[in-house]
There are 2 protein chains.
Amino acid sequence: MKRNSRLSLALHTLSHMAGEPGRVRTSADIADHAGTNPVVVRRVLGKLREAGLLSSEKGHAGGWQLAKDADSITLADVYLALDERLVAGSGGDAEPSHCSVETGLQSRVAEVLDDIEESLVERLRETKITDVHPSSCSYCGS
Amino acid sequence: MKRNSRLSLALHTLSHMAGEPGRVRTSADIADHAGTNPVVVRRVLGKLREAGLLSSEKGHAGGWQLAKDADSITLADVYLALDERLVAGSGGDAEPSHCSVETGLQSRVAEVLDDIEESLVERLRETKITDVHPSSCSYCGS
DNA sequence: GTATATGTAACAATGGATGTTGCATTCGTC
DNA sequence: GACGAATGCAACATCCATTGTTACATATAC
C-alpha cells in the first residue's frame, strides 16, 4: 500500500461489506483481501467504528460488520471518520512572523484552503458506499 | 514547514507577487519570507515556471516574477502545476490480485477517487490568486 | 479450558518531503 | 575579461508520518 491507503482501505472494505451486509469478517480476512496487516485493518476500521459506521465483536465468532445501512453511508462520513484533511493539512504550525504582511497572508491562505476542504467534503457527501460497489459484481451475495 | 507545504508555499509566493507584479524577487528573499530554503523555493517555483505561471531570470539582476496576470491564475493552475493528487493518490501500485472481485473493486475505488479529484480541480478553478491576497493589505504596492 | 477474535501499546521499517551542500552556468557590472 | 550574484541541478542527509510487526491483555464461543 502507498498513498491514501487509509481512505482506500476503508472504502474497499466498506464496499465489500455492502455486498454481503450480514456477513461478519475478521480483520485477518480483510487484511488478506486488502494485502495488508490485521493490526492496520483494526486501526482503520476502529475509526469507522468510533464514527458509528461499523461494529465489531470480540471473541470466538467475532469480527466486523456494517453498523448501518450501506445506503446511508457517504464518502464524507468515511473521510471525516478517518480525520483526513487532504487539502487543509494540519494547519497551525506556522511560526509567528515579525512581519504583519506574512501573518495576514498565512492566515488568508489557510482560510482559502479550509474553504476548499469544506467543498471537498460536500462533494464527498454526494457519493454513497453503494455507489462504489461495482454493479457488475456477480460474486457477492447481493 | 509541514504538510501541504508545496501548495502552501506556492500560493503564498504567488499571492505576494500579485501585490507587486513588477517586482523581481530572488529565491533567497522568498525563502526568508516563507521560512524555508532557497533551493526548496526554486524546486517549487520551477514547477510553476514549467506551467507558464512564473518566469525566472538568471544572473546578476535575476529572480522571479509573474509570467501572466494574477487575475488569470486560478488555484487549479497551481495545483496542477505542482502535480498534486491529493485525493486520487499515485494510484497504480496495486499488486494484481488473483481474485476478480478484488481487482474490480480496486479499479472501482480508483475510479471514484479520480472523480472526486476532478471535482476538486473544478472547485479550485473557481478561486483566483487575486482572491487569496488580503484585501486589507496596506503594505504592498497594489 | 481452549481456540479465536479484538484492543492496544511499543517498536521497527519504509518512503516521501524537506533541508543542505556543492558546483556549473548565466548575466550584469566594473 | 574578471567578479559578483543569481538560477539550475544533482547528490546526499535529515526529518517525519505512515505503515508494518510483534507482543500481550481481554473477551467470547465452544
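Letters go in sequence order (proteins before strands), and every chain restarts at 1.
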From the set D/dT7, C/dT6, D/dC30, return the single nucleotide nearest to any side-chain atom of B/Thr26. D/dT7
Whole angstrom value for the distance that separates C1' of C/dG16 from CG of B/Asn4: 14 Å
To the nearest angstrom, how far is A/Leu45 atom CG from C/dT6 atom P? 9 Å
Single-linkage hydrophobic cluster B/Leu80~B/Leu7, side-chain heavy atoms < 4.5 angstrom: yes
By nearest heavy atom, map A/Val40 and B/Gly63 onto DNA chain D; which one lands nearer the 5' end? B/Gly63
Between P of D/dG8 and CD of B/Glu50, the distance in whole Å: 10 Å
Taking only side-chain nitrogens and oxygens of A/Thr36, does any of them come within less than 4.0 Å of OP1 or OP2 of D/dG20? yes
Nearest to the side chain of B/Arg42, heavy atoms from C-beta on, is which of C/dA17, C/dT6, D/dG8? D/dG8
Ignoring hydrogens and angles, answer whether the base of D/dG20 and the side-chain atoms of A/Arg43 contain a donor-acceptor pair closer than 3.5 Å. yes
Looking at B/Leu54, B/Leu9, B/Thr130, which hits side chain to side chain contact (heavy atoms under 4.5 Å, CB included) with B/Leu14? B/Leu54
Between A/Arg49 and B/Val44, whichever has its closest DNA chain C nucleotide further toward 5' is A/Arg49
What is the distance, rounded to the nearest whole Å, between atom CZ of A/Arg25 and atom C1' of C/dT6? 17 Å
Nearest-neighbour nucleotide for the A/Val39 side chain, D/dG8, C/dA9, C/dT6 considered: C/dA9
Salt-bridge contact B/Asp114-B/Arg85 (side-chain N to carboxylate O under 4.0 Å): yes
For A/Ile30 and C/dT4, what is the distance between atoms CD1 and P respectively, to the nearest whole Å? 18 Å
Please report the distance, rounded to the nearest Å, between CG in A/Asn37 and C1' in C/dC11. 14 Å
Output the rounded distance in Å from CZ (B/Arg6) to P (C/dG16). 12 Å
What is the distance, rounded to the nearest whole Å, between atom CZ of B/Arg23 and atom P of D/dA6? 13 Å
Distance below 4.0 Å between B/Ser56 side-chain N/O and D/dT7 OP1 or OP2: no
Check: B/Val24 main-chain N/O paired with B/Gln65 side-chain donor or acceptor under 3.5 Å: no
Taking C/dT20, D/dA5, D/dC9 as options, the one with an atom nearest any side-chain atom of B/His60 is D/dA5
Tell me whether A/Glu50 is salt-bridged to A/Lys47, with the criterion being a basic N under 4.0 Å from an acidic carboxylate O. no
